[in-house]
Amino acid sequence: MRQSRHIGRTLREAPKDAQTAAHSLMIRAGYISQLSAGVYVYQPLLLRTLNKISQIIREEMATAGAEELLMPAIQPKELWEESGRWERYTAVDGIMFAFKDRRGSTVCLGPTHEEVVTDILRREVKSYKDLPKCVFQIQTKFRDEIRPRFGLMRAREFIMKDAYSFDADEAGQDASYEAMRQAYHRICERVGYTYRAVEADTGAIGGSGSHEFMVLADSGEETVLYCDTCNYAANQERAESRLEQFPQDAEPRPMEAVLGRGIIGAEKLAEFFKIPLWKTTKTLIYEADDQMVAVMVRGDCDVHELKVANHLNVKVLRLASAEKIRSLTGAEVGYAGPIGLPGHVRVIADHHVKGRVNFECGANQTDYHNINVNFGRDVALPELGDFKLAREGDGCPRCQGRLKAAKGIEVGHIFKLGTKYSQAMNCSYLDANSQTQPVVMGCYGIGVSRMAAAWVEQSHDDKGILWSPQIAPYHVHLIALNIEDEVIRTQAEALYARLQQEGIEVLFDDRPARAGEKFSDADLMGLPVRLTLSKRTLEQGKVEFKLRTEKDSTVLSPDEAVEKIKGVCGIR
RNA sequence: CGGAGCGUAGCUCAGCCUGGCUAGAGCACCUGCUUUGGGAGCAGGACGUCGCAGGUUCAAAUCCUGUCGCUCCGACCA
């Protein structure tokens, strides 16, 4: 491509609305431009990268045994009512673009395709002999995000690869899931990310198992915790952890309510009572849908509301109001404890509150705290579970290692769906015994446009983007300085033609611009190899070769340059 | 949706508080000359419904009301 005819002008100054490096660089380098909130033009350079990413995905999907199709973006309301997700996606979360067509039928723009694909496969699959099946598509998705942000990172219209597997049973699903998991690893490796696959919460989509593929970058919105010893890794939303256990008192002491006027908060309590922080207890009162729940965690932990909500299987979980707390505990906020709560309050506790002798907790009386409390004697052992937020430095739940934290960008998410959609939408088959069985499904998503943004986020410097040869829009940026010089122009044209004949993708800067401008643009656009022709190289008939990732350049003959480029970019 | 902020030239912004001449700067763009390996210099030029609507006023980019758009912080997600 000749740069003189290329669309996507570079900007010298960062646009004020761009908050992250990737967003800013992609605008400055002419890869994207904004049309409205969360809606972007994929300019020519970006489209080439997206196509390359898509090609890698297609190859790995084929290896995993998935067949490509393309489903409609326009979907009928009826399918969503059948799966039971219409309300949630429209009225409740409002994430779906829905409207009426000219005949008055309500339709929507697909935010995801479980409904449509299940509809397709239920007509396709009749017998256990028809299974397994796996399909995928690369398509534009529409989500009216509550808050689009960071350019392509969270857009309202974005490109996604979504795959769906259909199996006869759990064992089949496990195999399909595993094939996809491995495909996702290969995709991440081929692109060249520094990434981690982590255990994930299944969220709204539902299902039994789930992994997220996280590209590590400081600006990532997700926190991942991983073990420094074994291979345990999980999204902080779901991560478990082991806390340090401490030697306990040999004998229980008599419980007493002690006055600690205005002492609220675990740290203050520990200091006031001169006890270790782990002996204190946080008891938080929540409103969970229509029930009241008291959640206890050790004083050195925090409650993880998502874990609590999942355990209780409720939609809305929020801290109770001060009035509610007063009426339930008879005390001001800050003095709640498990002893003497009304019977209708469900008490649940993190595992780590157990196993302590003579611990502290609120006395449900303003300014008073109970000390030397013991389960079994003073209060019944509550329902136990994992309700605390895992943190960096906690022990690994699987081994004796410690958890470390990193920020990540979620580029892929794979789920075992089970029979949630197949049952709701009657996607079933006859087994060998002529029994009707629901198909067992899995779904597997990758944000294609987000992958490009994540790469830039992970791989850039102060001058611009650093593409890997695998997904760079072009392999080579061919720069001709002093192009008004006929000899240089002739040489440059010849080299441009030669490189293309060799199967090398070239962006040819044939503009009559100055050296500084061309070099700056090249750094900004970030193609892996830069070739420069100028008066300096003219007499020798050579060309200057420079990698974007390296500082120094070398002077090579055209033949040598071609060989080197092919080596670097893995061509043929 | 709650909270905060911003809309003036293609981009980054000044001007607004305290209303008043023809609305400004830098970059980008066009012409000419000079320059020519890290975003050049000089001279000249083109580019604006000051987001939109209404109001106050002799007079509105500036004050008031409404509205639309965009960005950021929280809950959603690839």
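These numbers come from the heavy atoms of this one structure, side chains and all, not from hydrogens, waters or symmetry mates. A, B, ... follow the sequence lines: proteins, then strands. Residue 1 opens every chain.
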For A/Phe519 and B/G39, is the gap between ring centres under 5.5 Å while the planes differ by less than 30°? no

Under the salt bridge (charged side-chain N to carboxylate O under 4.0 Å, His left out) test, residues paired with A/Glu145 that sit two or more places apart: A/Arg154

For A/Asp162, answer base if it contacts any base atom (sugar-phosphate contacts may also be present), sugar-phosphate if it contacts only those atoms, and nothing otherwise; contact means non-hydrogen atoms under 4.0 Å. nothing

Using the side chain to side chain contact (heavy atoms under 4.5 Å, CB included) criterion, which residues pair with A/Ala320? Sequence neighbours excluded. A/Ile285, A/Glu287, A/Met292, A/Lys324, A/Ile325

Watson-Crick or G-U wobble mate for B/U22, both contacts under 3.5 Å: none

Protein-nucleotide distance (A/Asn235, atom CG; B/C76, atom P), rounded to Å: 12 Å

Protein N or O to nucleotides 70-73 of chain B N or O, pairs below 3.5 Å:
residue	atom	partner	partner atom	Å
B/C70	OP1	A/Ala37	N	2.7
B/C70	O3'	A/Gln34	NE2	3.3
B/C70	O2'	A/Asp17	OD2	3.0
B/U71	OP1	A/Gln34	NE2	2.7
B/C73	OP2	A/Arg147	NH1	2.8
B/C73	OP2	A/Arg147	NH2	2.3
B/C73	O5'	A/Arg147	NH2	3.4

Between A/Arg450 and A/Pro15, which residue's closest nucleotide on RNA chain B lies nearer the 5′ terminus? A/Pro15

Could you tell me the separation between the CD1 atom of A/Ile146 and the P atom of B/A78, rounded to a whole number of Å? 13 Å

note: A/Phe158, atom CZ; B/C77, atom C1'; distance rounded to Å ~ 8 Å

Would you say that more than 12 heavy atoms from the other residues, nucleotides or ligands in this model lie under 6.0 Å from the CD of A/Glu67, or not? no

So what does A/Ala453 touch, heavy atoms closer than 4.0 Å: a base, only the sugar-phosphate, or nothing? nothing

For A/Arg530, which contact category applies under a 4.0 Å heavy-atom criterion: base, sugar-phosphate, or nothing? base

Once you round it to whole Å, what is the distance between P of B/G38 and CE of A/Met525? 19 Å

Should the heavy atoms of other residues, nucleotides or ligands under 6.0 Å from CG of A/Leu69 be counted, would the total exceed 12? yes

Looking at A/Glu221 and B/C77, is any side-chain donor or acceptor paired with a base atom of the opposite kind under 3.5 Å? no

Can you list every pair that meets ring-ring contact (aromatic ring centres under 6.0 Å, His included) and has a residue in residues 37-70 of chain A, with sequence neighbours left out? A/His23-A/Tyr40

A/Asp162 and A/Gln139: CA distance, side-chain angles, deciding distance, side-chain hydrogen bond (donor to acceptor under 3.5 Å, both in side chains) verdict: CA-CA 8 Å; A/Asp162 46 331; A/Gln139 197 218 28; over 6 Å; no

Under 4.0 angstrom, heavy atoms only, what part of the nucleic acid is A/Gln139 near: base, sugar-phosphate, or nothing? nothing

ring-ring contact (aromatic ring centres under 6.0 Å, His included) contacts in which one or both residues fall within residues 534-554 of chain A, not counting sequence neighbours: none

Given atom CG of A/Leu109 and atom C1' of B/A78, what is their separation to the nearest angstrom? 17 Å

Test ring pair (Phe, Tyr, Trp, His ring centres under 6.0 Å) applied to A/Tyr193 - qualifying residues, sequence neighbours left out: A/Trp455

A/Leu319 atom CG is separated from B/A75 atom P, nearest whole Å, by 13 Å

Listed by chain and number, what are the side-chain hydrogen bond (donor to acceptor under 3.5 Å, both in side chains) partners of A/Lys546, not counting sequence neighbours? none

Do nucleotides 26-36 of chain B as a string where each nucleotide becomes B, S or -: B if the base has a protein heavy atom under 4.0 Å, S if just the sugar-phosphate does, - if no protein is that close. BSS------BS

I'd like to check the side-chain hydrogen bond (donor to acceptor under 3.5 Å, both in side chains) partners of A/Lys407; sequence neighbours left out, ordered by chain and number. A/Thr223

For atom P, what is the distance between B/A4 and B/U22, given to the nearest Å? 39 Å

Residues forming a salt bridge (charged side-chain N to carboxylate O under 4.0 Å, His left out) with A/Arg2, sequence neighbours excluded: A/Glu493, A/Asp510

Using a 4.0 Å heavy-atom cut-off across all strands, classify A/Leu481 as base, sugar-phosphate, or nothing. base

In a table with atom names and distances, give each donor-acceptor pair under 3.5 Å that connects a side chain of residues 470-483 of chain A to protein atoms at least two apart or in another chain.
residue	atom	partner	partner atom	Å
A/Gln470	OE1	A/Ser468	OG	3.3
A/His475	ND1	A/Glu505	N	3.1
A/His477	NE2	A/Gln3	OE1	2.8

Rounded to whole Å, please give me the gap between CZ in A/Arg85 and C1' in B/C77. 12 Å

Mapping A/Leu11 and A/Met160 onto RNA chain B by nearest heavy atom, which one lands closer to the 5' end? A/Leu11

Counter-base of B/G44, judged by Watson-Crick or G-U geometry with both distances under 3.5 Å: B/C30

Just how far, in rounded Å, is P of B/A78 from CD of A/Glu157? 17 Å

Using side-chain contact (heavy atoms from CB on, under 4.5 Å) as the criterion, point out the one residue from A/Ile57, A/Thr63, A/Val191 that pairs with A/Arg186. A/Thr63

Of the listed B/C76, B/C77, B/G38, the closest approach to the A/Ser520 side chain comes from B/G38

Sub-4.0 Å heavy-atom contacts from residues 57-65 of chain A onto RNA chain B, ordered by number: none

